[in-house]
Every structure is written in structure tokens, then in C-alpha cells.
Novice: 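Once you've had a glance at the structure underneath, I'll fire off some questions.
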Amino acid sequence: MTKHIFVTGGVVSGLGKGLTASSLGRLLKARGLRVTLQKLDPYLNVDPGTMNPFEHGEVFVTDDGGETDLDLGHYERFIDENLTKDSNATTGIIYSSVLAAERRGDYLGKTVQVIPHVTDEIKRRISSLARPDIDVVITEVGGTVGDIEILPFLEAIRQFRLDAGRSNVCYVHVTLVPFIGPSSEQKTKPTQHSVTELRSRGIQPDAIVCRSDDPLSTDLKGKISNLCDVPIGAVCNAADAESLYEIPLVLHDEGLDTVVCEQLRIETGEPELTSWRALVDRAKTPSKSVRVGVVGKYVALPDAYLSVVEALNHSGIHHSADVEIAWIQAEDVEGLLVADKLRDLDGIVIPGGFGERGFEGKVATAEYAREHRIPCLGLCLGLQAMTIEYARNVLNLTDANSSEFDTADRRTPYPVIDLMDSQRDVTNMGGTMRLGAYPAVLEAGSQVAQIYDAEVVTERHRHRWEFNPRFRSQFEESGLRCSGTSPDGNLVEFIELPSHPFWVATQAHPELKSRPERPAPLFREFLGASLARAEGRSPHLFEPDAEPVVAR
């Protein structure tokens, strides 16, 4: 029978429930178990797809087109498994399902209530992941114990132990042990109150993960054990670590995976962590450094680009390099400020986004990187910015732009980025977007074909506007290469400039599939080119022409 682990949090948000769940998943998988994860979010949005990145951070996209919470990115990176849209459920989607069932008459005229109808729907979504090929389902409950919106979820997971059996369910509670400066003490009272609140909802934690700046003493662990009715061996300390990929090792040393296996009556050997330890050692002992600029609209909240950051970190581990990220507001890279912001960078990433704000800064960034031969990687809107820049400054299509930015009194005569005919009937916020995994055929001999070492690749998408094929011949005649297309040849998926050390862009989001032990190929080679620039070398993969492409 599939076992279930529920991860809850208390005291404050942002403690690291997602990383705790991900790390535990890694440890259990290292013991030979088949693991999947799920996130239950208490907000009323159906999904985070229409939420401002400043509100919620990055929208993580699954292969099947689910727009999900960013914690699913942590899950995939740690357990190295592709998840689905079923791994994220919000209050909004749960209530939508309940109300749809009520309209269909599924409840036979009964009064529809939070208990049992909403809680039953929550339990159904948890149970749906318990397939024959899964040994353990780890479910993270978003929010903080004590929040009013989290109560249906707590009630559902409380009931779940009764339904599934006591030995098939384990509760892990993540809480805070703060350090109070004036008294120079670590305080357990917030943890005590958090556990008391959880127990008032009928849930007794089987293990407590204590987040702290510094390690806890044995005495403090004993105090928490005594006052929270948890064995001292089940009080696990997750003190701050140098690298987030060190967290599984910290939790293993604290015995969390052993406690969980004992509670669930799972018999396995010790986890095989040799390769993971080697990964962490490489991450902590870089032999060189590189400075990469991320030019975006949401840089005030780095979580908006979380997968981009992690893909850069994975590539840094691969190259034994410390990646210093320079966060650059796109609106600040316009006019005379371009050189001041970009001249000291070894590489530039132009990430995705929506809307016109800051877009001209991205275009200016693409131009500077092209003319000054700085390695540049464009992602989604980044490809569109690089395409428009090239059209304006090399093809002399002065007013080239995206039709996304057309207004009633201003329409571009050269919509090099445009909606395809099938996308023009916009019925809802996500109805015409390309979401999820799509294949691309790579042109033989191109840079991206060398990078991927494949003829066909699949990457995840989240966008609506496309490279306009009407202008494709003009681009290719001038030297820009449309090096990857959809299988039918209609959609451009990759562009590159062979005369440049690395000026490559994709309509996709390859960062979403990057793994610590297997970096996304485009990021891996982009960082290699950036390191070559930092060290004054020519990139090892490509030998660019002597002269860059400049405006005619």
C-alpha cells in the first residue's frame, strides 16, 4: 500500500517546507523507494498562472501544461522525476471541482459543506497520486498552521490517517527556532506554540524539523521533545546550510528519513548518497568564478526567476564555477545606461515575462551583447527581444516590434513577433497559450544541435506570441539562423548567430528541466562560453567568425 507523508509549517512562512519535502523525497528515493510529491496551496486562485510574479514568484510549468507553484520545481530538481498538473492543487481548483459536482447533481440534493465535501475532494486529490508504481506520496500543505484558509486542508489530512491507517501516514512539521540577539538565546517557544496549534486541529506530529541559524544543542532538542510530545530522535535540526543541495545530507545526519521509515514501517537499507555528496562538494568548492547578468522585469523578487537561478547554479557545479548573479532591472538598461549596466558582465541571460514594461531594456541588452560579443541566452520573451533587436539594427526594419505591444494609435509595420492565426480568438487568460512540453527539430550542424547532441528535443513552453514566419527568409539571408523549428516547420523554436561566441535564444523555458546532476544543455554551454570570456579564452564549442554582425 502507498504510504503518505504530510509536511506542514508553523510560526512564519518561507521556512523551507518545500525544500524539506524535496530533501525527504531525495532521501527516500536514495533508499530505493518510488516517490512523488504534491503541493496543496490555500489561495483561491485556480492556479498561479495569472498571478503577478511579485505576488507569488515563478510559475513552474509541467510537461502536461500545468501552471503550478514554484515548489514543484524544487520537487523535480531533487527527486529527478517529471511531475504533472495533478501535483498541485489550490483552494480555487478544489472549490471549482466541488461546485461543478454540485451543479451536476452529484451530491443528490444534499447541503454542500466544507466537511465532508471539500475535505473529501482534498483527500481524493491526495489519493489520486497513490498509484501502484508509487511507494510514497509526500504532500506539502502550503501556508502556516493558524491561518484561517488552511483549516480545510488540516482537517483533510487529519481524516486521512483514519482512512489510510496509522502506519501508512506520517506527519512532519517544520517550525522556527529563532535566535534572540540581546539575550543570546535560541527560543523554543514559537515551536511549542506552533505544535500546540497543530495538535488543536487533531494532528500530532511524528517528526519536527527545526529551522535555525545555528545548530541546536541537545538540551534544546530535549526541551522540544518533552513539551511537544515527540521523541528526541524525531526532533531534527535544519540549521542554515551553504547550499540548498546540502539539505538532504543535513536531514539524513539528523535522522529524519530513518524516523519516517520507522513510522511508516518501511524496511530499506541506508540511502545511497555517494553521488549527491560529490555534487555538494563540487558546489561548495568552486575553482573559478563568473559574473552573469539577469536582465528582467521582476528582479526585485529573485524567486520570480527561481528556475533560471538554479539552472545557472547547476551549470556552475558542472563547470566547478561560482556563479555571481547580477540582478539588473530591464527598465534601467535603456538609453545611455546600457554600457554602465552591462560592460562588466561575462554573460547575460534575458529571461521570460509578459507585457511591455522593461521590454526596450531587453532589446537594448540584446544589441549590446551582440555588438560586444558577450555570451547571451534568450528565454521566451528573451528570444522575442533578440529577434526584434536584430530586425531593427541589422535588417533595418526600424519600427519592428511585437504585435503584443500594438495599441489603437500605434501598430508596428513589421510584426516580427506575432500571434499565429489559431491563437487570435482569445477566450480566457490562458486559452491560447502554448503550455507544457513541445518537440523541436534541430537543424543539422547548428550550435543548438551540437549543444543538445540530438536531432529532436522537447522543452517546456509558456507563451502566446511567436516568431513570425513571414520574415524568416530575411533573417536567414542576413546570417541569423533559425536552428530549431516545430516538427511541421511552422514555428521557430531556436535562433542563433553563428558569427557570435554565443548569441542563442529559445522560445521555450529549458531552465524548467534542469537538474543538479544534469544541467540544462543551453545553460551549460552558455555558462561555458561566459567562463571562456571571463578567462580570456575562445569558447571551446564554437569558433566564431572574426567580425560580429553589425547594423547595415
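Quick note: numbers below take in every heavy atom, side chains included, and nothing from hydrogens, waters or symmetry partners.
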Novice: Do any N or O atoms from the side chain of Ser514 and from the backbone of Ala520 form a donor-acceptor pair under 3.5 angstrom?
Specialist: yes

Novice: Just wondering, are more than 12 heavy atoms of other shown residues or ligands nearer than 6.0 Å to CD in Glu149?
Specialist: yes

Novice: Between Lys123 and Asp163, does any NZ, NE, NH1 or NH2 come within less than 4.0 Å of an OD or OE carboxylate oxygen?
Specialist: yes

Novice: Ignoring hydrogens and geometry, is there a side-chain-to-backbone donor-acceptor pair from Arg291 to Ala326 under 3.5 Å?
Specialist: no

Novice: Between Asn88 and Lys39, is the side chain to side chain donor-acceptor pair (under 3.5 Å) condition met? List the steps.
Specialist: CA-CA 5 Å; Asn88 194 197; Lys39 176 73 179 291; over 6 Å; no

Novice: Could you tell me how the ring of Phe78 sits relative to the ring of His74: parallel (under 30°), tilted (30 to 60°) or perpendicular (over 60°)?
Specialist: perpendicular

Novice: Which distance, rounded to the nearest 0.5 Å, do you find between the OG of Ser194 and the CG of Leu176?
Specialist: 9.5 Å

Novice: Is the shortest side-chain heavy-atom distance between Arg357 and Lys297 below 4.5 Å?
Specialist: yes

Novice: Is it true that the side chains of Arg31 and Thr258 contain a donor and an acceptor less than 3.5 Å apart?
Specialist: yes

Novice: Please answer whether the main-chain N or O of Gln113 pairs with a side-chain N or O of His117 as donor and acceptor at a distance below 3.5 Å.
Specialist: yes

Novice: Pair Arg77, Asn313 - check side chain to side chain donor-acceptor pair (under 3.5 Å), show working.
Specialist: CA-CA 12 Å; Arg77 289 186 283 270; Asn313 287 335; over 6 Å; no

Novice: So, does Ser217 use its side chain to make a donor-acceptor pair with the main chain of Leu220 at under 3.5 Å?
Specialist: yes

Novice: Closest approach of Val259 and Asp206, non-hydrogen atoms and distance?
Specialist: CG1-O, 4.0 Å

Novice: Which of these passes side chain to side chain contact (heavy atoms under 4.5 Å, CB included) with Glu76: Arg515, Glu81, Lys513?
Specialist: Arg515

Novice: For Leu527 and Val323, what are the C-alpha separation, side-chain angles and deciding distance, and is it a side chain to side chain contact (heavy atoms under 4.5 Å, CB included)?
Specialist: CA-CA 9 Å; Leu527 199 72; Val323 181; 3.8 Å; yes

Novice: Under the side chain to side chain contact (heavy atoms under 4.5 Å, CB included) test against Cys210, which residue among Thr188, Val174, Val235 passes?
Specialist: Val235

Novice: Under a plain distance cut-off of 3.5 Å, with no hydrogens placed, do His4 and Tyr171 share a side-chain donor-acceptor pair?
Specialist: no

Novice: Between Arg131 and Thr36, is any side-chain donor less than 3.5 angstrom from a side-chain acceptor?
Specialist: no

Novice: Closest heavy-atom contact between Val295 and Thr365?
Specialist: CG1-OG1, 3.5 Å

Novice: So if I apply the side chain to side chain contact (heavy atoms under 4.5 Å, CB included) rule between Glu511 and each of Phe60, Tyr305, Phe523, which one comes out positive?
Specialist: Phe523

Novice: Would you find more than 12 non-hydrogen atoms of other residues, nucleotides or ligands less than 6.0 Å from Ile148 atom CD1?
Specialist: no

Novice: Around Arg166, counting heavy atoms of other residues, nucleotides and ligands shown, do more than 12 lie under 6.0 Å from its CZ?
Specialist: no

Novice: For a 4.5 angstrom cut-off between non-hydrogen side-chain atoms, does Thr506 reach Leu379?
Specialist: yes

